[in-house]
Amino acid sequence: MTLIWETLVVVCIVYALYELLNIHKRKKFPHGPRGIPILGHLHLLGKKPHHDLQNLAKKYGPFFYIRLGLIPTYIASSVDTAEKFLKTYDHIFATRPHNEAAKYLSYGHKNLVFARYGPYWRNMRKLVTLDLLTHQKINSFQSVRTQQVDLMINSLKNDGGCVVDLSAKVAKLSADITCSMIFGKKYMDEDLDKRGFKGILQEAVHLAATPNLGDFFPFLGVIDLQGITRKLKELSKVFDGFLEKIIDEHEQSRDQKQSKDLVDTMLDIMHSGETEFQFDRTNIKAILIDMLVAAIDTSATSVVWTVTELLRHPHVMKKLQKELEEVVGLERMVKESDLEKLNYLDMVVKEGMRLHSVVPVTQREAMEDCVVDGYHIRKGSRIMINHYAIQRDPNVWPEPEKFLPERFVGSSIDIRGRDFELLPFSSGRRSCPAIPLGITVVRLMLAQLVHCFDLELPKGMQPCDLDVDEHFGIVTCKENHLMVVPKYRLNQ
Ligand code: HEM
């Protein structure tokens, strides 16, 4: 305890001197709330920072300034400001802010998600988009996805009539689809650690999202006052052992394989020696962690939020089932090739992603001093885009708190990064490189669930009783698991 107080006093003195020396250099900053010494505005952010920032934007406008510890931070909460940072000045804000967790979860920033902008990130991004997540590659995994979805539907069919934890089922399906595409097989819980495959991934996401003093007071990183670094180091050893085993298995069976998963593809690239940058086992492991962490929770969470809204709005559920009956019929399950004919499904998915941002806030860092809208932004400042606030902005969306898929009738608004009022995958250089895959998986899981089953609420529960409480994290999921009673409705 004494160490913490002594450290805070030293930080306070250093900060006061820093402010004093910088006073003559002050430029015009946007308005913002009054901060307090040392913490700045950290104390204003609670368990749901996207809500706190949305409330501050109502008072201080769509572009305001706060200080998180020592880090000057600008919050963008409108379509216009998001467009400025993610399009007009994207070249200046294309790097990620310092993140202590990244050091340990990404082999020293060798992955894509946390890598600093520069030649290494550009090379890796090129490799991921041109070799791993191409249209052709994604299509080649169609049978893998169908197989895993069929297994889940059968398992739900067997549970028919009982209360089922749909959040857990969808999370397992998303993990199984992702593992089958990346590793060529599913992994049982105990394969990774006694805490379980999903448990370990969730712990990684949780630790990466926990506010770390080292992120806001960089010189405190080494002291690890919260013990987060110790836990991250331990977790990274578990991941490393698991990924080494997977790479070894793939190396041994390389010559006998007919269909290639993503690990095979990366090993081919590594052995070809044709990359313009060093690409070895460590780079492969870093990308694998990216894919596991970025793919599983995002897709599953989107599906759970949308099913929750469908259950809260039975007339929308009925309308979606009617479209599925007309396009697919009740004699068979949905195929991926049906998806593009399902217009109402498309609207339901968009509206689910609008109302429930699975990644509510994205973060960038200024790579040089610049002026945006007349306001000076210093190199090293952090930019937070509050997608949650933008996607619920009443100036853009009439009745923004309501789930109304019909708002997209006759609208050209899309979710692929062109329309700044709806950016579930963000936009610009650092936007999600897996948009087509993400959309396909979410649409397929949702369509299949709604088509194959009448999903009923547990006895005694009404649609209005269903909560939409959030648990904030890198991926913001439903606080309480979604429980349903599935009743099979197809004729076969
Ligand atoms: C519904 C599904 C998904 C959603 C909503 C989603 C959303 C996002 C968002 C908001 C970002 C941050 C962009 C930014 O900071 O501007 C991101 C980045 C990323 N996503 Fe996704 N994602 C999804 C699925 C996936 C999948 C399936 C993969 C991989 C197989 C993936 C891989 C990545 C990677 C590697 C990045 C980092 C890109 C970079 O920094 O260059 N995502 N995603």
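Order of appearance sets the numbers: ligands from 1, and atoms from 1 within every ligand.
Ile413 has its side chain within reach of Phe408: a pair of non-hydrogen atoms, C-beta onward, lies under 4.5 Å apart.
Short contacts between ligand 1 and Thr362, defined as distances under 4.0 Å to a heavy atom of the residue, involve ligand atoms 14 (C), 15 (O). Heavy-atom contacts of Ser302 reach the following atoms of ligand 1: 1 (C) (cutoff under 4.0 Å). Numbered from 1 in the order shown, with element, the atoms of ligand 1 that lie under 4.0 Å from a heavy atom of Val442 read 1 (C). Set against the non-hydrogen atoms of Val358, the atoms of ligand 1 under 4.0 Å away are 5 (C).
Side-chain N or O atoms of Arg407 include one that pairs as donor or acceptor with a backbone N or O of Glu399 at under 3.5 Å. In terms of modelled atom types and a separation under 3.5 Å, the side chain of Glu479 and the main chain of Asp469 share no donor-acceptor contact.
Nearest protein heavy-atom contact of atom 16 (O) of ligand 1 is Arg364 NH2, 2.3 Å. Of the protein's heavy atoms, Arg125 NH1, 3.4 Å lies nearest to atom 38 (C) of ligand 1. Atom 10 (C) of ligand 1 has Pro424 O, 3.4 Å as its closest protein atom, hydrogens excluded (heavy atom only). The nearest protein atom to atom 30 (C) of ligand 1, hydrogens excluded, is given as Met291 SD, 3.7 Å; this is a heavy-atom distance. With respect to atom 15 (O) of ligand 1, the closest heavy atom belonging to the protein is Arg96 NH1, 2.7 Å. Shortest contact from atom 13 (C) of ligand 1 to any protein heavy atom: Arg430 O, 3.0 Å.
Both the backbone and the side chain of Leu112 come within 4.0 Å of ligand 1, judged by heavy-atom distances. Within the 4.0 Å heavy-atom criterion, neither part of Leu423 lies near ligand 1.
To the nearest 0.5 Å, the span separating CD on Glu368 from CD1 on Ile377 amounts to 11.5 Å.
At a threshold of 4.0 Å, the pair Lys231-Glu203 does not count as salt-bridged, since none of the basic side-chain nitrogens sits closer than that to a carboxylate oxygen. The pair Asp264-Arg254 does not count as a salt bridge, with every side-chain nitrogen at least 4.0 angstrom from each carboxylate oxygen. The pair Glu365-Arg116 counts as a salt bridge, with a side-chain nitrogen and a carboxylate oxygen less than 4.0 angstrom apart. Checked for salt-bridge contact, Glu406 and Lys319 meet the test: a charged N lies under 4.0 Å from a carboxylate O.
Around atom 21 (Fe) of ligand 1, the protein atoms of type N, O or S that sit closer than 2.8 Å are Cys432 SG.
Residues that satisfy the side-chain hydrogen bond (donor to acceptor under 3.5 Å, both in side chains) test with Ser77, not counting sequence neighbours, are absent from this structure.
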(request) Could you give me the CA-CA distance, side-chain angles and deciding distance for Lys126 and Asp131, then say whether salt bridge (Lys or Arg N to Asp or Glu O under 4.0 Å) is met? (result) CA-CA 8 Å; Lys126 220 160 99 187; Asp131 294 300; over 6 Å; no

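Counted within 6.0 Å of NZ on Lys341, heavy atoms from surrounding residues, nucleotides or ligands total more than 12; the atom is thus considered enclosed. For His271, the NE2 atom counts as densely surrounded, since its 6.0 Å shell holds more than 12 non-hydrogen atoms of other residues, nucleotides or ligands.
The N/O atoms of Ser426, backbone and side chain alike, include one that comes under 3.5 Å of an N/O atom in ligand 1.
At a 4.0 Å cut-off, at least one heavy atom of Trp121 sits close enough to ligand 1 to count as contact.
Across Asn111, Leu112, Leu127, Leu262, a single residue satisfies side-chain contact (heavy atoms from CB on, under 4.5 Å) together with Ile287, and that is Leu127.
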